Structures are given as structure tokens and as C-alpha cells.
**Q** 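My questions will all concern the structure given below.
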Amino acid sequence: MKLPYEYYQQQDVVAIAKDLIGKVLCTYLDNQFTSGIITETEAYAGIQDKASHAYGGKRTKRNEVMYHAGGKAYVYLCYGMHTLFNVVTNTEGIPHAVLIRGIYPLDGIPIILQRRKAKQISPQITLGPGKVTQALGIHLSHNGLDLTQNILWIEDRKIRIPENAINIGKRVGIDYAEEDALLPYRFYVDSKNLSPNCF
DNA sequence: CGTACGATCTGCT
DNA sequence: GCAGATCGTACGA
């Protein structure tokens, strides 16, 4: 049910990014359980990927956890105000990661609404990497957290996403990455497939 | 020590 | 559709 280390430590980060679509991201924080179906991911392929924080082997206090063995959370701040959540993959020393860009709310919807300061549920409310972390209560302090424990984890609930519902595209907001900005490393379920009774 | 800058979201037009 | 918000991090002095 809960994804094990072996899952995260697979070699092909792009394959993991695609496979994570339809898995369930869960948090148990402040005595509250919330979860959502992952609907959008992006792969960041280590030192040769110009869009990656680890490009060229860059290793700092911030991105240190990317170099750890797969199965941990890499949480960092973007644009000074948005917390972004990544899953660290591959083995120790290889800084691969998958950015979770969107989920579909599943458990603890009242809490998600409260955290997002929203009145009504809609797919939009957790679509966007900054919104995902806000909805699930993920904080910068959760950086480096072990994804096989009971605070922050991903489950396989055998939700089947039809192959033709998964779109592939180039990653968002990384124009500076030159030719790597064109890589088809983004996977997302089209919004027209996100109706409440789709899953 | 000072500064520039982002893997973005929101609200207003 | 676009500007503004807002701050940890990296890097140069």
C-alpha cells in the first residue's frame, strides 16, 4: 500500500514521474489526515539537467537531500512565498527528484478547504505546486522527511488512470534551462478528466 | 555583508 | 492578461 524505498530508488526518474500519476499523496499533521490523488508531476534528472537544482553537480545546504537515497521529501521555497514538494528518487549520490505539481483532493476535504481558505471544492483548488503543499499542510520544516513513515507518504490505492488521459509536455517556468526546457518531463491528467466521479 | 533572483499565485483590469 | 507580492538562498565584494 505505502510505497517502499525500492519504489523510490528505481533508476528512471521520468518513469517514476509518470507512474506517480494516480498514486495518493497523504499527510498526517496536527492530528489531521489529508490526502489527494496525484494528477501532475515533473521529473528533474540530476546533474545533467539544466532545470535541476543539482545541475552540474551543485550541492548546497538547500539541495543536500536530493543527494540522499530515494524515499525522502525535498521541500523548498520558491519565489519567496511558495513551498514546493518534491520526491527524492534513485540511489544515494544521484540527485534525482519528482516535483508534485497537482493533486485531486480525496481525504480530509474540510481541512483542505480550511488550509486553502476556500469555500467550495474544485479541481483547481489543489492544482499548482504551491497549492498542493498548502492544501496538505506541508511546510519547509518537512524537508528531508522519510516518506515511509507516518507523517508524509504516498500510497498505491490501485487507482487506474487510462493511458490516454495522461498528457506529456514540457516543464513549466524553466525557460532558463535552454534546450532542457523542451524535455517531455511533465505528466498531467487533463482537466477535462478531473470531474468528481472520474476516480 | 548586500543584493538579485526564482520549478508561483492571486487579485484586479 | 498582467503586475505585484515577498523571502531564503547563492554568490560576489
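Just so you know, these numbers come straight off a predicted model, no measurement behind them. A note on names: the letters A, B, ... follow the listed sequences, proteins ahead of strands, and every chain is numbered from 1.
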**Q** Just to be sure I understand the rule, does L99(A) reach a base, reach only the sugar-phosphate, or reach nothing, if contact means heavy atoms closer than 4.0 Å?
**A** base

**Q** Heavy atoms under 4.0 Å, any strand shown: does R186(A) hit a base, just sugar-phosphate, or nothing?
**A** nothing

**Q** Would you mind reading off the distance between H96(A) atom NE2 and dA7(B) atom P, rounded to a whole angstrom?
**A** 18 Å

**Q** Taking atom P of dT10(B) as reference, at what distance in whole Å does atom CG of L127(A) sit?
**A** 11 Å

**Q** Just the rounded figure in Å: distance from P of dT10(B) to NE2 of H82(A).
**A** 7 Å

**Q** Can you check whether any acceptor in the base of dA7(B) is under 3.5 Å from a donor in the side chain of Y76(A), or vice versa?
**A** yes

**Q** Expressed in angstrom and rounded to an integer, what is the separation of L140(A) atom CG from dT6(C) atom C1'?
**A** 13 Å

**Q** Send over the distance from D175(A) CG to dC5(B) P, rounded to a whole Å.
**A** 15 Å

**Q** Is there a path of hydrophobic side-chain contacts, each under 4.5 Å between heavy atoms, that joins I38(A) and L145(A)?
**A** yes

**Q** Show me, pair by pair, the donor-acceptor contacts under 3.5 angstrom made by side chains of residues 68-83 of chain A, not counting sequence neighbours?
**A**
residue: H68(A); atom: ND1; partner: K72(A); partner atom: NZ; Å: 3.0
residue: Y74(A); atom: OH; partner: H53(A); partner atom: ND1; Å: 2.9

**Q** Please report the C-alpha distance between L3(A) and L20(A) in whole Å, then the side-chain angles of each, then the deciding distance to 0.1 Å, and finally whether the side chain to side chain contact (heavy atoms under 4.5 Å, CB included) criterion is met.
**A** CA-CA 10 Å; L3(A) 297 180; L20(A) 281 174; 4.0 Å; yes

**Q** Under 4.0 Å from OP1 or OP2 of dC9(B): is there any side-chain N or O of R101(A) that close?
**A** no

**Q** Name the residue from K18(A), R171(A), R101(A) that meets the salt bridge (Lys or Arg N to Asp or Glu O under 4.0 Å) definition with E40(A).
**A** R101(A)

**Q** So R62(A), base contact, sugar-phosphate only, or nothing? Heavy-atom distance under 4.0 Å.
**A** sugar-phosphate

**Q** Please check the phosphate of dG6(B) (OP1 and OP2 only) for any side-chain N or O of Y79(A) closer than 4.0 Å.
**A** no

**Q** Find the distance H53(A):NE2 to dG8(C):P and express it as a whole number of Å.
**A** 16 Å

**Q** How would you label the contact of K58(A) with the nucleic acid (heavy atoms, under 4.0 Å): base, sugar-phosphate, or nothing?
**A** sugar-phosphate

